[in-house]
> 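Can you read through this structure? Questions will come right after.
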Amino acid sequence: MEHVAIFMAWPYANGPLHLGHVAGNCLPADIQYRYERSRGRSVIMCSGSDEHGTPITVTAEQENVNPQEIVDRYHEINNKALIDLGCSWEDNIDRRGIEYGGALYNRTTDPRHKELVREFFMELHDSGYLKQQTMQQYCSISSDGKTKFLPDRYVEGECPVCNADGARGDQCDECGSTYESSDLINPRSKMDPDAKIEIRDTEHFFFQLNKFQDQLEIHSLSKQKIWKPNVKAMTKNWLNMGLRPRAVTRDMDWGIGLPLSDKEWSTKRIYVWFEAVQGYLTCSRIWSEKFANADDWKKWWTKNSDGTEPKHIYFMGKDNIPFHTVIWPAIIMGLNSARSGTKPTSDIAIGDLVLESNVPAMEYLMLQGGQFSKSRKHAVWLPSFLENHDPDTLRYFLSINMPEGHDTDFRWEEYVDKVNNELISTYGNFIHRVMTLTHRIESPDGINPLAKYLNLGNHDEAELKISKFVNDAIDSMEKQRFKEALRSIMNISQFGNGLIQHSEPWKYINSEESTEKNESLSTLAFCWQVCKGLAVTLRPFLPFQSDRLWNMLGEKSEIDNLLYEDAFNFTSDIHWNSSKPMPLFARLDIENILEREKSIAGQDEEKIELKEQEVKYIDFEDFMKVEMKTGKVIAIDDHPNADKLYVVTIEDGPDSTRTVCAGLKGIYEKEQLLGKQVVFVANLKPRKLRGIMSEGMILAADDGDGKVSVLTLDSEMPNGSQVR
RNA sequence: AUCGAGUUGGAGUAGUCAGGUUAUCUCGUCGGGCUCAUAACCCGGAGACCGGUGGUUCAAAUCCACCACUCGAUACCA
């Protein structure tokens, strides 16, 4: 039997899922999973919550709770939302039997995951793929004596080459030079600028990615015909830059501890990027241990003795590509090499772990033209979406509009348009026509009135046409071209509508027996068979309606046992459900939806505002340290070197001016600001912003959602007046 | 500003890596038909200088160069 593993990038358990995650990962993975099962293959699907890493500790600190509480909460919420969306995570064991696989939505805080990661760590360590190296890293010591290592991006200071302020840890934007972060002058922590900061030696392990460069290039070459353009480009980029060792440990306390007993390692954890990707393998093993035989995972992970390999398909957004085409294959080759004692190779030996078959990374789903953003509240959250809408309608829209080749957009108007005019008008209506027409024909109880007309006419041509559509869909699905596949299936229902139109069965419903009647109703019977086929072939995309339809058709058999390629069987028996047929979907009303979404957005904002009111108070003395003054904008120019900056000259006294860089480009035209009296911070430490010294900051109101308004004066005041 | 991706009828989209007869499909629109069906369905028409300019070629949406615009990552900010 053919073995297939479907992997979906692990959602970060730091918030609820939004539609972007669904379109890019969750939905395509589930469609592929259901499709592969329906081809009779033995399939496992593995993913789960990514629960370690800094952002989760930051959220925990903000809410003043343990990080575990955060991840527990969001794991629960996201797991439920995915199941509500119809993703197949609920059936850990395939309904056809354990030999057909199953699914597991795990989490990286799972003790067994941690244990396996430590095991893999040791294997790589003992084979020389993890090298210890001393780093000099900044460490901040806050007033209460706590020390904390700071990643380079959280450190800034003066550039050792050109003395510009605001240089980052290892690179100066000013003169472009790079240097050791320890050379930085007057370094400070970006997160806590008052904290004492000093350089300390810290030991870390580095994964020797460079040792895999050649083999990864060979591997990448072998995938050129399979990978999508974005995957090829991103991978090539990484390989061309030259691979360097990458740190796999960090100084922090939330994460997986190292499998080394030395005391110096007790304050360090395995870097989340290194550990979370291994979840694909650990989750497969954990699934085996929990639901099958402990060694069964090998069927989906190792090359068979006959030379065949299980198929691995990874779903993710474009930001994740290098992790799946460079880093993860390198780790797998590392593990293979460690176990066999041979050199790393992309030429997988029998019994070794296999590399990915395809990485059909998605581009991004945008929301009304802008990117989904948690902090800017610009998102449609999956849980709240599902409270109000049929999951199949979302699955339809995101499938037919999937960001396969480039970014696509979620707009409520388009969602309503596609659902009403395509899904319901074409497909829903075809089903409903067949159902209601058939139910009007008189027939003894419990028998499908079309049964006696089945196979009376000649439908060879129609059969041929339909099997062409199905084969097209199968070809598309094998290449993970979901839009194309769904379109092919939808064409079948349009074709079915044509059949009904031409055969005019409504004319013969309860008429006298005649040749015409036999012909017409045999076409209707044929369409009944088409409905059965559609229930099966549309199932990967729209599972809920598939169940409803199957029930309306009076089918009692397990639909999951039917093969995709046999879905349209025109000689099979037809059954009967005497209850009145109901439309598969309800029409959507754009006015209602916009109304509701507006009010949901409003609620969210209120909630967040309440939260912001809980901020810490500052002392009056602290406030008085900020010196704000008035000034007049007397000149304004574009910043030569930055997109969003203006260089503003402010008259801040009778005979003095100062230059301030302000991030107002794109918000104000130059003329709108020229001559205005504004308020600025006068005693802000001057600092160069992308090459130009800025001596202060113009005050402006910001609603957090892109709307900005500069503070001006109610009446003319002398320049340089105090503001308090 | 740097790097990466994209730009195809009113909207969305296929085709671009492997150049070649009337440039795909869906929606919308217009005309006709049907009346079983959720104002639905069926047939037909109109509508595209394939972002711009130049080049390579017998032949360019497709290859090359430059430019414009959009999106993303990074930087900058309020």
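First the proteins, then the strands, lettered A, B, ... as listed; each starts at 1. Computation of the quantities below employed the complete heavy-atom set of this structure, encompassing side-chain atoms and omitting hydrogens, waters and symmetry-equivalent molecules.
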> Taking atom C1' in both B/C69 and B/G33, compute the distance separating them and give it to the nearest angstrom.
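It comes out at 45 Å once rounded to the nearest Å.
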> Tell me whether the side-chain N/O atoms of A/H406 come closer than 4.0 Å to OP1 or OP2 in B/A14.
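So the side-chain polar atoms of A/H406 do come within 4.0 Å of the phosphate oxygens OP1 or OP2 of B/A14, strictly under.
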> B/C50 and B/A23: how far apart are their P atoms, nearest whole angstrom?
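Nearest-Å result for B/C50 against B/A23 at atom P: 11 Å.
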> Without decimals, in angstroms, what is the distance between A/N491 CG and B/C25 P?
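Checked: the CG to P distance equals 10 Å.
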> If you only use heavy atoms from C-beta on, which nucleotide in B/C27, B/C36, B/G72 is closest to the side chain of A/E422?
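My answer, after comparing the listed nucleotides, is B/C27.
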> Take the angle between the ring planes of A/F482 and A/F541 and call it parallel below 30°, perpendicular above 60°, tilted in between.
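Judged by the thresholds at 30° and 60°, the geometry between A/F482 and A/F541 is perpendicular.
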> Can you tell which of A/Q480, A/K479, A/K223 makes a side chain to side chain donor-acceptor pair (under 3.5 Å) with A/N358?
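Among A/Q480, A/K479, A/K223, the one meeting side chain to side chain donor-acceptor pair (under 3.5 Å) with A/N358 is A/Q480.
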> Ignoring backbone atoms, test whether A/K318 places a side-chain nitrogen or oxygen under 4.0 Å from the OP1 or OP2 oxygen of B/A5.
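Negative; the distance criterion is not met.
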> CG of A/D319 versus P of B/A5: gap in Å, rounded?
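The distance from CG of A/D319 to P of B/A5 comes to 16 Å, rounded to the nearest Å.
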> Answer with base, sugar-phosphate or nothing: what part of the nucleic acid does A/M490 contact at a heavy-atom distance below 4.0 Å?
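Answer is nothing: A/M490 stays at 4.0 Å or more from every strand.
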> What does A/N401 touch in the nucleic acid at a heavy-atom separation under 4.0 angstrom: a base, only the sugar-phosphate, or nothing?
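Here A/N401 touches the backbone only, sparing every base.
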> For the P atoms, the ones on B/U13 and on B/U8, what distance do you get once it is rounded to whole angstrom?
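Taking atom P in both B/U13 and B/U8, they lie 8 Å apart.
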> To the side chain of A/N497, which of B/C34, B/C42, B/U38 is closest?
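The listed nucleotide nearest to A/N497's side chain is B/C42.
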> Starting from C1' on B/G10, measure out to CG on A/N421 and report it in whole angstrom.
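For the pair A/N421 CG and B/G10 C1', the rounded distance is 15 Å.
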> Does A/T408 make a side-chain N or O approach to OP1 or OP2 of B/G12 shorter than 4.0 Å?
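For B/G12, neither OP1 nor OP2 has a side-chain N or O of A/T408 closer than 4.0 Å.
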> Closest nucleotide of RNA chain B for A/E484 versus for A/C661: which of these residues is on the 5' side?
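First, find each residue's nearest nucleotide; the 5'-ward one identifies A/E484.
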> Going by purine N1 to pyrimidine N3 plus the second Watson-Crick contact, or the G-U wobble pair, all under 3.5 Å, which nucleotide sits opposite B/U7?
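In the structure as shown, B/U7 has B/A68 as its Watson-Crick or wobble partner.
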> Give the nucleotide from the list B/C36, B/G72, B/C25 with an atom nearest to the side chain of A/R487.
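Closest of the options to the side chain of A/R487: B/C25.
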> Among A/V679, A/I650, A/L711, find the one that has a side chain to side chain contact (heavy atoms under 4.5 Å, CB included) with A/I698.
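Considering A/V679, A/I650, A/L711, a side chain to side chain contact (heavy atoms under 4.5 Å, CB included) with A/I698 is found only for A/I650.
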> In whole angstrom, give me the gap between the P atoms of B/U56 and B/U62.
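That atom pair is separated by 15 Å.
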> How would you label the contact of A/Q494 with the nucleic acid (heavy atoms, under 4.0 Å): base, sugar-phosphate, or nothing?
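Here A/Q494 touches the backbone only, sparing every base.
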> On RNA chain B, check which nucleotide each of A/Y364 and A/A586 is closest to and give me the residue with the more 5' one.
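Taking each residue's closest nucleotide, the earlier one in sequence belongs to A/A586.
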> Does either side chain, that of A/Q545 or that of A/Y427, offer a donor lying less than 3.5 Å from an acceptor on the other one?
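Note: A/Q545 and A/Y427 side chains meet the donor-acceptor criterion.
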> What nucleic acid atoms does A/L699 come within less than 4.0 Å of, heavy atoms only: base, sugar-phosphate, or nothing?
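Result for A/L699 = nothing.
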> Applying side chain to side chain donor-acceptor pair (under 3.5 Å), run through A/Y415 and A/T393 and close with a yes or a no.
CA-CA 8 Å; A/Y415 161 70; A/T393 61; 2.7 Å; yes
> Base, sugar-phosphate or nothing for A/F585? Non-hydrogen atoms, less than 4.0 Å.
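A/F585: base contact, heavy atoms under 4.0 Å.
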> What's A/D417 touching, base or sugar-phosphate or nothing? Going by heavy atoms closer than 4.0 Å.
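It contacts sugar-phosphate atoms only.
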> Between B/A39 and B/C34, how far apart are the C1' atoms? Round to whole Å, please.
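Roughly 14 Å separates the two C1' atoms.
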> Output the distance between atom NZ (A/K517) and atom CG (A/L524), rounded to the nearest 0.5 Å.
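A/K517 atom NZ to A/L524 atom CG measures 11.5 Å (nearest 0.5 Å).
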> Hydrogens and angles aside, do A/S522 and A/H459 bring a side-chain donor and acceptor to less than 3.5 Å of each other?
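Note: A/S522 and A/H459 side chains meet the donor-acceptor criterion.
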> Taking atom P in both B/G10 and B/U29, compute the distance separating them and give it to the nearest angstrom.
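B/G10 and B/U29 have their P atoms separated by 15 Å.
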> P atom, B/A73 versus B/G47: distance in rounded Å?
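After rounding to an integer number of Å, I get 41 Å for this pair.
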> Which whole number of Å gives the distance between the C1' atom of B/C58 and that of B/U70?
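B/C58 and B/U70 have their C1' atoms separated by 36 Å.
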> Report the distance from atom NZ of A/K483 to atom C1' of B/C25, rounded to the nearest whole Å.
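My rounded result for the distance is 11 Å.
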> Using whole Å, what does the distance between atom C1' of nucleotide B/U35 and atom CZ of A/F430 come to?
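Rounding to the nearest Å, CZ of A/F430 and C1' of B/U35 are 18 Å apart.
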> If you check every side-chain atom of A/R481, which of B/U26, B/G15, B/G72 has the closest atom?
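Closest nucleotide among those given: B/G15.
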> Would you mind classifying the nucleic acid contact of A/M435 as base, sugar-phosphate or nothing, using non-hydrogen atoms under 4.0 angstrom?
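Touches nothing.
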